[in-house]
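Computed from a predicted model, the values in this text were never measured in an experiment. Only this structure's heavy atoms are used, side chains among them; waters, hydrogens and symmetry mates stay out.
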Amino acid sequence: MLVPSLALILHVFSAIVWVGGMFFAVLVLRPASGPLDPGPRLQLWLRVLDRFFKWVIAAILLLLASGFTLVLGGYAGGPHVNLMMGFGVVMVLIFLHLYFAPWKRFRTGLAAGDTAAAAGQLNQIRILVIVNLVLGLITAAIGASGRYWG
């Protein structure tokens with residue numbers, strides 16, 4: 001029972017890192033950074049997101065590895081697991097788009113001194129993070145309650 005226990009612990013910790021980080025970014029850091037001038041605000045977001053996205057990539061890798069370990073090992077299954085996997089795949093795809101499109105354009109705009117372009121891309125990132133936050137909260141609710149669905 002060591003393998004499923006460790007896989008489940010890694011799975012939960014990784015979900016907490018990703019979803020909790022999005023919650024913090026949207027509901028705490030964004031409002032707190034709003035009064036800053038555009039230059040410092042955009043530099044703050046550059047530093048914050050650069051660090052956070054490294055953690056998200058690690059979390060995604062652990063979520064996929066632990067989730068497939070549980071499912072393929074026969075330790076988890078059922079409709080709620082299929083729903084979690086579906087939501088998880090959508091979340092990963094949204095993150096990959098966010099990382100390789102608006103995040104790349106945000107960094108490029110900021111490096112070129114185009115704060116208006118960078119701010120526009122940061123808004124796109126915000127929208128995608130909000131979508132993923134909602135999906136992540138739904139997925140967590142499914143994970144926490146699914147085995148009791150009768």
Side-chain angles (χ1 to χ4, degrees), residues 5-72 76 78-147 149:
S5 294
L6 288 176
L8 186 58
I9 289 167
L10 288 174
H11 201 76
V12 170
F13 283 177
S14 298
I16 290 169
V17 166
W18 190 5
V19 176
M22 291 187 294
F23 185 93
F24 174 80
V26 170
L27 297 169
V28 177
L29 185 59
R30 183 173 183 270
S33 67
L36 297 175
D37 290 332
R41 183 176 63 245
L42 294 172
Q43 287 297 322
L44 172 67
W45 279 106
L46 175 68
R47 291 192 311 273
V48 167
L49 292 177
D50 185 55
R51 293 176 67 93
F52 178 57
F53 288 164
K54 290 173 184 167
W55 283 102
V56 171
I57 291 166
I60 287 170
L61 293 174
L62 283 172
L63 282 163
L64 292 173
S66 60
F68 281 113
T69 296
L70 291 166
V71 170
L72 297 177
H80 71 286
V81 173
N82 295 335
L83 277 172
M84 281 192 306
M85 288 176 67
F87 278 109
V89 167
V90 170
M91 289 177 66
V92 169
L93 292 173
I94 289 170
F95 174 77
L96 290 172
H97 168 71
L98 178 159
Y99 189 81
F100 290 109
W103 172 240
K104 181 180 177 182
R105 291 190 298 261
F106 171 76
R107 289 179 295 142
T108 301
L110 208 51
D114 189 349
T115 56
Q121 293 307 307
L122 186 58
N123 191 51
Q124 288 296 309
I125 292 168
R126 177 186 62 82
I127 292 166
L128 293 170
V129 169
I130 289 170
V131 170
N132 256 0
L133 174 58
V134 170
L135 293 175
L137 291 171
I138 291 168
T139 304
I142 292 168
S145 67
R147 67 180 138 187
W149 289 359

For this session: Run through L128, I125, I57 and flag the one making a side chain to side chain contact (heavy atoms under 4.5 Å, CB included) with Y99.
Result: I57
Exercise. How far apart are the C-alpha atoms of Q43 and L110, what are their side-chain angles, what is the distance that settles it, and do they pass the side chain to side chain contact (heavy atoms under 4.5 Å, CB included) test?
Worked result: CA-CA 8 Å; Q43 287 297 322; L110 208 51; 3.7 Å; yes
For this session: State the CE-CG distance between M85 and L64, to the nearest 0.5 angstrom.
Result: 9.0 Å
Exercise. Rounded to the nearest 0.5 Å, what separation is found between the CH2 atom of W55 and the CG atom of L62?
Worked result: 10.0 Å
Problem set entry | Side chains of D50 and K54 in contact at under 4.5 Å (non-hydrogen atoms) | yes
Problem set entry | Shortest non-hydrogen separation from R30 to R126 and the atoms involved | NE-CD, 2.7 Å
Exercise. Do L83 and I138 have side-chain heavy atoms sitting under 4.5 Å apart?
Worked result: no
For this session: Give the C-alpha distance, both sets of side-chain angles, the deciding distance and a yes or no for side-chain hydrogen bond (donor to acceptor under 3.5 Å, both in side chains) between S14 and W18.
Result: CA-CA 6 Å; S14 298; W18 190 5; over 6 Å; no
Exercise. Looking only at heavy atoms, what is the nearest atom pair of A7 and S66, with distance?
Worked result: O-CB, 3.2 Å
Seminar exercise, completed: When rounded to the nearest 0.5 Å, the distance separating CG of D114 from CD of Q121 is 10.0 Å
Exercise. Around atom CZ of F53, are there more than 12 heavy atoms of other residues, nucleotides or ligands at under 6.0 Å?
Worked result: yes
Exercise. For I142 and M84, which heavy atoms make the closest approach, and how far apart are they?
Worked result: CG2-CG, 3.7 Å
Exercise. Using the benzene-type ring in the case of Trp, are the ring centres of W103 and F106 under 6.0 Å apart?
Worked result: yes
Exercise. Given side chains that start at C-beta, do those of V19 and M22 come closer than 4.5 Å, heavy atoms only?
Worked result: yes
For this session: Report yes if the side chains of H11 and L63 come closer than 4.5 Å at any heavy-atom pair, otherwise no.
Result: yes
Problem set entry | For the student: nearest non-hydrogen atoms of S33 and W45, plus distance | OG-NE1, 3.2 Å
For this session: State the OG1-CG distance between T139 and N132, to the nearest 0.5 angstrom.
Result: 9.0 Å
Problem set entry | Test log, rule side chain to side chain contact (heavy atoms under 4.5 Å, CB included), inputs T69 and L6 | CA-CA 10 Å; T69 296; L6 288 176; over 6 Å; no
Problem set entry | I94 side chain reached by L135 side chain, heavy atoms, under 4.5 Å | yes
Exercise. Is the closest side-chain heavy-atom distance between R41 and P35 below 4.5 Å?
Worked result: no
Exercise. Considering all heavy atoms of both residues, which atom of V26 and which atom of P31 are nearest to each other, and what is their separation?
Worked result: O-CD, 3.4 Å
Exercise. Atom CG of L10 and atom CG of L61: how far apart are they, to the nearest 0.5 Å?
Worked result: 12.0 Å
